[in-house]
Amino acid sequence: MKYIKKLFGGIEMTWKRLLILSAAAGVISGALLCIPVLEDTSLTDNGATYEWWIFLAIVIITNCKKPLEAACKTFVFFLISQPLIYLVQVPFCWLHWGIFAYYPPWFVMTLLTFPGAFLGWFVTKKKWYSLLILSPMLLLLAATCMSYLHGTLYMPPRHILTELFCIAVMFVLVLGIFDDKRLVAAGFVLNIALLTAFFFTDVYGQPHMVSNIRGMEYDPDMSYTAVSSDEDVVKLRYEDKYEPHGWQAEFYKRGTADITLTGDDGSRLVYEVTFGDDFYVDFKLKEQYYAP
């Protein structure tokens, strides 16, 4: 227990230590994302979701003496670590510098860390309002945990390390920050309530994945609308940042469905898509109709 307490208030968070932590977090996260065999595993989840960043941010915040210090150091941590994640990937990713198209949402989050950390510092007061301030982070951790659960239930033990990490952090934060047993008990009850609520409200027990349609039958310069014959199996959406391979197919359960792409010139492409065991995905061009 004393080591948990030390983690949240017993470390001298100097600027030197902060800069080392920022660089290490960015480089390690980026390097893990460059290893193909680790793709879509717990070791690369921190490139998409917030669990590790929430944990590190609260470690920084709780080891600062003043709210302004917490705001400045947390902001600098994210300002350094997040771009480094993408910079490390540039030589290894097929998008190269285009990988920075993913950065803007994280930059917005970086800006929000300044006011967020300023307010977050007041968890160190260890009062009832401290638990209230901490609760949004507990909510995000619970949501992240349960958002991965459907994949684990479909194909164990996929992403189970992330889920266990989220649950562990939720309870470690309560134990590490609060001394009053009543607040600790309230925090435990809140954690259990959040996990239970997301368990029953998130889609779980069904597969969900995203895959690109990499065929070049369609014109990347043309606008298309997409219709699925069975949206319980698959939905399709287009994202400009992936041009020219921008169609993203989201699968919800095993099965086969047709996806029809209709171009603005009236041409149509019909793909037969199959989502099978072990997340097997197959795209097949079934029919093609040229513009009248």
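When a residue number appears, it is its place in the shown sequence, counting from 1. Values below: all heavy atoms of this structure, side chains included; hydrogens, waters and symmetry mates excluded.
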Check your understanding: Side chains of Leu195 and Cys145: does their closest heavy-atom pair fall under 4.5 Å?
Key -> yes
Exercise for review: Would you please name every residue forming a side chain to side chain donor-acceptor pair (under 3.5 Å) with Thr41, sequence neighbours left out?
Suggested key: none
Point to revise | Side chains of Lys284 and Thr274 in contact at under 4.5 Å (non-hydrogen atoms) | key: no
Review point. Do other residues, nucleotides or ligands put more than 12 heavy atoms under 6.0 Å from the CD atom of Glu287?
Key: yes
Review point. Once you round to the nearest 0.5 Å, how far does CD of Glu69 lie from OG1 of Thr74?
Key: 9.5 Å
Review point. Among all residues two or more places apart in sequence or in another chain, which pass the side chain to side chain contact (heavy atoms under 4.5 Å, CB included) test with Ile160?
Key: Thr152, Pro157, Glu163, Leu164
Check your understanding: Is it true that Met13 and Ile4 fall in one hydrophobic cluster, defined by side-chain heavy atoms closer than 4.5 Å?
Key -> yes
Check your understanding: Nearest heavy-atom pair of Leu261 and Ala226: which atoms, and what distance?
Key -> CD2-CB, 3.8 Å
Review point. Okay, side chain of Glu39, backbone of Ile35: is any donor-acceptor separation there less than 3.5 Å?
Key: no
Practice item. May I ask whether Val76 and Ile85 are part of the same hydrophobic cluster, defined by side-chain heavy atoms of I, L, V, M, F, W, Y residues being less than 4.5 angstrom apart, directly or through others? Key: yes
Check your understanding: Among the clusters formed by ILVMFWY side chains lying less than 4.5 Å apart, do Leu149 and Leu43 turn up in the same one?
Key -> no
**Study point:** Nearest-0.5 Å distance, OG1 of residue Thr113 to CD of residue Gln82
**Key:** 9.5 Å
Review point. Would you say Phe188 has more than 12 foreign heavy atoms packed within less than 6.0 Å of its CZ?
Key: yes
Practice item. Scan residues 47-58 for pairs that pass salt bridge (charged side-chain N to carboxylate O under 4.0 Å, His left out), counting only residues two or more places apart or in two chains. Key: none
**Study point:** Listed partners of Lys125 passing side chain to side chain contact (heavy atoms under 4.5 Å, CB included), at least two apart
**Key:** Trp121, Phe122, Lys127, Tyr129, Ser130
Check your understanding: When the ring planes of Tyr86 and Phe100 are compared, do they come out parallel, tilted or perpendicular, using 30° and 60° as the limits?
Key -> tilted
Review point. Looking only at heavy atoms, what is the nearest atom pair of Val90 and His96, with distance?
Key: O-ND1, 3.1 Å
Study note, to complete from the structure: When Asn46, Asp45, Thr44 are each screened for side chain to side chain donor-acceptor pair (under 3.5 Å) with Thr162, the one that passes is Asp45
**Study point:** Linked, directly or transitively: Ile167 and Leu194 (ILVMFWY side chains, under 4.5 Å)
**Key:** yes
Quick one: side chains of residues 56-67, donor-acceptor pairs under 3.5 Å with protein atoms, not counting sequence neighbours, listed by atom name and distance.
{"unit_1": "Thr62", "atom_1": "OG1", "unit_2": "Ile58", "atom_2": "O", "d": "2.7"}
{"unit_1": "Thr62", "atom_1": "OG1", "unit_2": "Val59", "atom_2": "O", "d": "3.3"}
{"unit_1": "Asn63", "atom_1": "OD1", "unit_2": "Gly9", "atom_2": "N", "d": "3.1"}
{"unit_1": "Asn63", "atom_1": "OD1", "unit_2": "Gly10", "atom_2": "N", "d": "3.2"}
{"unit_1": "Asn63", "atom_1": "OD1", "unit_2": "Ile11", "atom_2": "N", "d": "2.7"}
{"unit_1": "Asn63", "atom_1": "ND2", "unit_2": "Leu7", "atom_2": "O", "d": "2.9"}
{"unit_1": "Asn63", "atom_1": "ND2", "unit_2": "Val59", "atom_2": "O", "d": "2.6"}

Practice item. Please name the residue in the list Thr256, Val234, Asp258, Ile259 that meets the side-chain contact (heavy atoms from CB on, under 4.5 Å) test with Ser229. Key: Asp258
Check your understanding: Below 4.5 Å, heavy atoms only, C-beta onward: do Leu68 and Cys72 meet side chain to side chain?
Key -> yes
Revision key, fill the gap. Across all chains, not counting sequence neighbours, the side chain to side chain donor-acceptor pair (under 3.5 Å) partners of Ser81 are none
**Study point:** ILVMFWY cluster membership beyond Val270 - transitive side-chain contacts under 4.5 angstrom
**Key:** Tyr289
**Study point:** Leu173 vs Phe178 side-chain heavy atoms within contact, under 4.5 Å
**Key:** no
Review point. Is there any ring pair (Phe, Tyr, Trp, His ring centres under 6.0 Å) pair reaching into residues 19-51, and which pairs are they, with sequence neighbours excluded?
Key: Tyr50-Trp106
Practice item. First locate atom CG of Leu190, then atom CG of Leu183, and finally report the distance between them rounded to the nearest 0.5 Å. Key: 11.5 Å
Check your understanding: Can you get from Leu132 to Leu134 by hopping between Ile, Leu, Val, Met, Phe, Trp and Tyr side chains that sit under 4.5 Å apart?
Key -> yes
**Study point:** All salt bridge (Lys or Arg N to Asp or Glu O under 4.0 Å) counterparts of Asp264, not counting sequence neighbours
**Key:** none
Check your understanding: Taking it one step at a time, do Ser42 and Tyr148 satisfy side-chain hydrogen bond (donor to acceptor under 3.5 Å, both in side chains)?
Key -> CA-CA 10 Å; Ser42 293; Tyr148 283 115; over 6 Å; no
Check your understanding: Looking at Leu95 and Tyr102, what are the two nearest heavy atoms and their distance?
Key -> CD1-CE1, 3.9 Å
Check your understanding: Looking at CG of Leu84 and CG of Leu79, how far apart are the two atoms once the value is rounded to the nearest 0.5 Å?
Key -> 10.0 Å
Tell me which donor-acceptor pairs under 3.5 Å the side chains of residues 17-28 have, and how far apart each pair is, sequence neighbours excluded?
{"unit_1": "Arg17", "atom_1": "NH1", "unit_2": "Glu12", "atom_2": "O", "d": "2.9"}
{"unit_1": "Ser22", "atom_1": "OG", "unit_2": "Leu18", "atom_2": "O", "d": "2.8"}

Exercise for review: Kindly indicate whether the side chain of Thr124, heavy atoms from C-beta on, has any atom under 4.5 Å from the side chain of Ile177.
Suggested key: no
Check your understanding: Under the side-chain contact (heavy atoms from CB on, under 4.5 Å) criterion, do Val172 and Phe8 qualify, and how do the steps go?
Key -> CA-CA 10 Å; Val172 164; Phe8 301 102; 3.6 Å; yes
Check your understanding: Does CH2 in Trp15 sit with more than 12 non-hydrogen atoms of other residues, nucleotides or ligands closer than 6.0 Å?
Key -> yes
Point to revise | Pair Leu269-Leu285, side-chain contact (heavy atoms from CB on, under 4.5 Å): steps then yes or no | key: CA-CA 7 Å; Leu269 296 165; Leu285 183 62; 4.0 Å; yes
Check your understanding: In terms of the angle between their ring planes, are Trp53 and Phe78 parallel, tilted or perpendicular, with boundaries placed at 30° and 60°?
Key -> tilted
Point to revise | Test item: side-chain donor near acceptor, Thr260 and Tyr271, under 3.5 Å | key: no
Review point. Hey, does Asp40 have a side-chain heavy atom less than 4.5 Å from the side chain of His159?
Key: yes
Check your understanding: Residues in side chain to side chain contact (heavy atoms under 4.5 Å, CB included) with Val233, at least two apart?
Key -> Asp230, Lys253, Ala257
Exercise for review: Heavy atoms only: give me the nearest Ile99-Cys93 pair and the separation to one decimal.
Suggested key: CD1-SG, 3.9 Å
Review point. Can you list every side chain to side chain donor-acceptor pair (under 3.5 Å) pair that touches residues 169-198, not counting sequence neighbours?
Key: Lys5-Asp179, Lys126-Asp179, Asp180-Arg182
Exercise for review: Calculate, to the nearest 0.5 Å, the distance between atoms CZ and CG belonging to Phe171 and Leu141 respectively.
Suggested key: 11.0 Å
Check your understanding: In terms of ring plane angle, is the pair Tyr103 and Phe107 parallel, tilted or perpendicular, where the classes change at 30° and 60°?
Key -> tilted
